[in-house]
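Here is the structure we will look at.
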Amino acid sequence: MGAIGLSGIRKVFPDGTVAVNDVDLEIDDGEFVVFVGPSGCGKTTLLRLISGLETATAGQLRFDGQVINDVSPRERNMAMVFQNYALYPHMTVRQNIAFALRVRKFRQSEIDERVGEAARILDLAELLERKPKQLSGGQRQRVAMGRAIVRHPGAFLLDEPLSNLDAKLRVQLRTELRRLHERLGVTTIHVTHDQVEAMTLGDRVAIFSEGSLQQYDTPQTLYRRPANIFVAGFIGSPSMNFVEAGLVESGAGTTVSVGGAELALGPQAAGGGAGPGGRVHLGFRPEHLGWRRAGDGSPGALQARVELIEYVEPEAYVSASLVDPAIVIRTADELVGGSSDDKGGLAGDDARFLTLRVSADHVPDRGETIDLVVDGDRVSLFDIASGENLGRYA
């Protein structure tokens, strides 16, 4: 069993910095959970609290139903893999993998058996007599994983293990990590700042900002039903588009006005506490914004000028500025006061532009004036003051 529970976990450093702010989280036995968020959001500190390398200021940590706040790191039956591999340069691969077992006085026969098993799982059998300097970055990371595997822990704690690798190798190791988890079935917490890594690896993903948990759910739910503007802007590349809108009608037949256009929304986009005449932020993903040739009579269309086209075959990202200067376009960074520098997006955010994701075989011309049509069944309404989602699309 390897279920992990966190109740009211808080970490305040001596200088007064609140690194983790009242986090409640339940991780099921055998689950692969990813902690993600921008640099400094508290995700690594939380991982260190779980491992025992840091002590919580308040709250309760549980592992297999037992409170472990006062249990030493060595006795928590968790194995941590660090960002910088932390291999002993003077030892061979075999010696590095076996080190923790030797410290614990395991019999040599069991050490050999466990090291051999880990080497087979990680495809390291031919490298056991090499030293770290003779290995590639990906091979070193496998050795670090092997050192964790031989302990047969109840949970793996991975602190940005892929961040030092090049882009191609990161994709390869990402696949191997997922396959390894499916083979071993051990509860795993993976920390990363890369939202693509989080969305492809995690059974569930916990998104953090400034020490607070923003949303904890499956990748699909995070993308389709973000709890607030921060999550909506952080998840997805390019980011969700945001425009200020006015509620014309609220309820099952919600309608919003954007400039001179009125957009009919699906029933899932109910305006919540905002009544008719209230202002909201209307959010929609780039793939939920279509385009037509200007003047084709599309109802509820927003007229725009094509400013930039980025080809990312088989798709293209089109950045368009609205012709009506009264329509206010916002970015998630602007609305939450954060930074998306860690997202690794392909198209940069610009407050003047809306972004479309379209087929690379069907794009408008740069400089062309087009009509933009929002898919009313795939939008979210966010409260102007709090940024909370008033109605989440399905």
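For the pair T187 and F32, the minimum side-chain heavy-atom distance is 4.5 Å or more. Counting heavy atoms from C-beta outward, V248 and S257 have side chains that approach closer than 4.5 Å. A 4.5 Å side-chain heavy-atom check between I189 and L46 finds every atom pair outside the cut-off. Under the 4.5 Å side-chain criterion, counting only non-hydrogen atoms from C-beta, R357 is in contact with P238. Side-chain atoms of V33 and Y216, non-hydrogen and from C-beta on, do get closer than 4.5 Å to each other. L184 is listed as a side-chain neighbour of I121, based on a closest heavy-atom distance under 4.5 Å. Between R204 and D28 the shortest side-chain heavy-atom distance falls below 4.5 Å. Residues P364 and V318 have side chains in contact (heavy-atom distance under 4.5 Å, counting atoms from C-beta outward).
Remark: side-chain polar atoms of Q66 are not paired, donor with acceptor, to backbone N or O of F63 under 3.5 angstrom. The backbone N or O of Q83 sits less than 3.5 Å from a side-chain atom of N164, completing a donor-acceptor pair. Side chain of K43 to main chain of I207: no donor-acceptor pair is present (N/O by atom type, distance under 3.5 Å, no hydrogens or angles). Between the side chain of N389 and the main chain of P226, a donor-acceptor pair closer than 3.5 Å is present. Although no hydrogens or angles enter the test, the distance criterion places no donor-acceptor pair under 3.5 Å between the side chain of D383 and the main chain of E388. Panel note: side chain S212, backbone F208; no donor-acceptor pair is recorded below 3.5 Å. Without hydrogens or angle criteria, H281 side chain to L381 main chain gives no donor-acceptor distance under 3.5 Å. Judged purely by atom type and a 3.5 angstrom limit, K11 uses its side chain to pair as donor or acceptor with the backbone of T55. A distance-only check finds a donor-acceptor pair linking the side chain of R140 to the backbone of L135 [under 3.5 Å]. Looking only at distances, no side-chain donor or acceptor of Q172 sits under 3.5 Å from a matching main-chain atom of L169.
Using the six-membered ring where Trp is involved, F234 and F230 have ring planes that are parallel, under 30° apart on the 30 and 60° scheme.
Nearest approach of V115 to A98, heavy atoms of both residues: CG2-CB, 3.7 Å. In this structure, R76 and I68 approach most closely via the heavy-atom pair NH2-O, 2.9 Å. Residues G211 and V23 come closest through the heavy atom pair O-CG2, 3.9 Å. Here the shortest heavy-atom pairing between V81 and P161 reads CG1-CB, 4.4 Å. Of all non-hydrogen atoms in Y311 and A316, the two that sit nearest each other are CD2-CB, 4.0 Å. When every heavy atom of L128 is checked against every heavy atom of A119, the shortest pair comes out as CD2-CB, 4.0 Å.
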Take D217 and R225 through the salt bridge (Lys or Arg N to Asp or Glu O under 4.0 Å) test and state the conclusion after the steps. CA-CA 10 Å; D217 219 315; R225 297 190 290 276; over 6 Å; no

Would you sort out whether L47 and L49 count as a side chain to side chain contact (heavy atoms under 4.5 Å, CB included), showing the intermediate values? CA-CA 5 Å; L47 191 74; L49 289 169; over 6 Å; no

Could you give me the CA-CA distance, side-chain angles and deciding distance for E197 and R174, then say whether salt bridge (Lys or Arg N to Asp or Glu O under 4.0 Å) is met? CA-CA 7 Å; E197 195 172 293; R174 212 160 62 204; 5.2 Å; no

Walk me through whether K131 and M91 qualify under side chain to side chain contact (heavy atoms under 4.5 Å, CB included). CA-CA 6 Å; K131 292 186 176 179; M91 293 184 181; over 6 Å; no

Please determine whether side-chain hydrogen bond (donor to acceptor under 3.5 Å, both in side chains) holds for the pair Q60 and S7, giving the CA-CA distance in whole Å, both sets of side-chain angles, and the decisive distance to 0.1 Å. CA-CA 5 Å; Q60 186 183 85; S7 300; 4.8 Å; no

Take Q214 and N228, measure what side-chain hydrogen bond (donor to acceptor under 3.5 Å, both in side chains) needs, and give me the verdict at the end. CA-CA 8 Å; Q214 301 296 309; N228 53 44; 3.1 Å; yes

Please walk me through it: do R10 and N21 pass side-chain hydrogen bond (donor to acceptor under 3.5 Å, both in side chains)? CA-CA 5 Å; R10 183 175 177 85; N21 188 18; 2.6 Å; yes

For the pair R285 and S239, evaluate side-chain hydrogen bond (donor to acceptor under 3.5 Å, both in side chains) and give the outcome as yes or no after the intermediate values. CA-CA 7 Å; R285 298 286 182 191; S239 294; over 6 Å; no

Carefully, step by step, assess D159 and R48 under the rule side chain to side chain contact (heavy atoms under 4.5 Å, CB included). CA-CA 9 Å; D159 186 13; R48 291 174 64 84; 5.7 Å; no

Test side chain to side chain contact (heavy atoms under 4.5 Å, CB included) on E315 and S359; report intermediate values, then the result. CA-CA 5 Å; E315 298 176 322; S359 168; over 6 Å; no

Applying salt bridge (Lys or Arg N to Asp or Glu O under 4.0 Å) to E26 and R62, what does each step give before you reach the verdict? CA-CA 9 Å; E26 296 293 332; R62 299 179 305 281; 2.5 Å; yes

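In the hydrophobic clustering of ILVMFWY residues, with side-chain heavy atoms under 4.5 Å counting as a link, I327 and V323 come out apart. Both I329 and I370 are part of a single hydrophobic cluster, where members link through side-chain heavy atoms under 4.5 Å apart. Follow the hydrophobic side-chain contacts under 4.5 Å out from Y85 and you reach L180 in the same cluster. Connection of L61 to V18 is not established within any shared hydrophobic cluster, with ILVMFWY side chains joined at heavy-atom distances below 4.5 Å, either directly or through further cluster members. Cluster membership for V67 and L53, using ILVMFWY side-chain heavy atoms within less than 4.5 angstrom, is not shared.
For the residue pair S321 / E307, a side-chain donor-acceptor distance below 3.5 Å is found, with atom types taken as modelled. In this structure, a donor-acceptor pair under 3.5 Å is absent between the side chains of R102 and Q95. When only modelled atom types and interatomic distance are considered, T17 and D15 share a side-chain donor-acceptor pair under 3.5 Å.
Within a 6.0 Å radius of CD in Q108, more than 12 heavy atoms belonging to other residues, nucleotides or ligands are found. The environment of D123 atom CG is sparse: at most 12 non-hydrogen atoms of other residues, nucleotides or ligands sit within 6.0 angstrom. No more than 12 heavy-atom neighbours from other residues, nucleotides or ligands sit within 6.0 angstrom of CZ on R107. The neighbour count for E368 CD, taken as heavy atoms of other residues, nucleotides or ligands under 6.0 Å away, is above 12. For D70, the CG atom is loosely surrounded, since the number of other residues' heavy atoms within 6.0 Å does not exceed 12.
For the pair R305 and F353, the cation-pi criterion (under 6.0 Å, within 45° of the ring axis) is not fulfilled.
For the salt bridge (charged side-chain N to carboxylate O under 4.0 Å, His left out) test, residues two or more places apart in sequence or in another chain that qualify with R178 are E182, D203.
Between atom CD1 of residue I384 and atom CG of residue L335 there is a gap of 8.0 Å, rounded to the nearest 0.5 Å. Of the inter-residue distances, the one linking L354 atom CG with N241 atom CG reads 5.0 Å to the nearest 0.5 angstrom.
When ring centroids are compared, F382 and F242 come within the 6.0 Å threshold.
Residues R142 and E176 are paired through a salt bridge, judged by an N-O separation under 4.0 Å between the basic side chain and the carboxylate.
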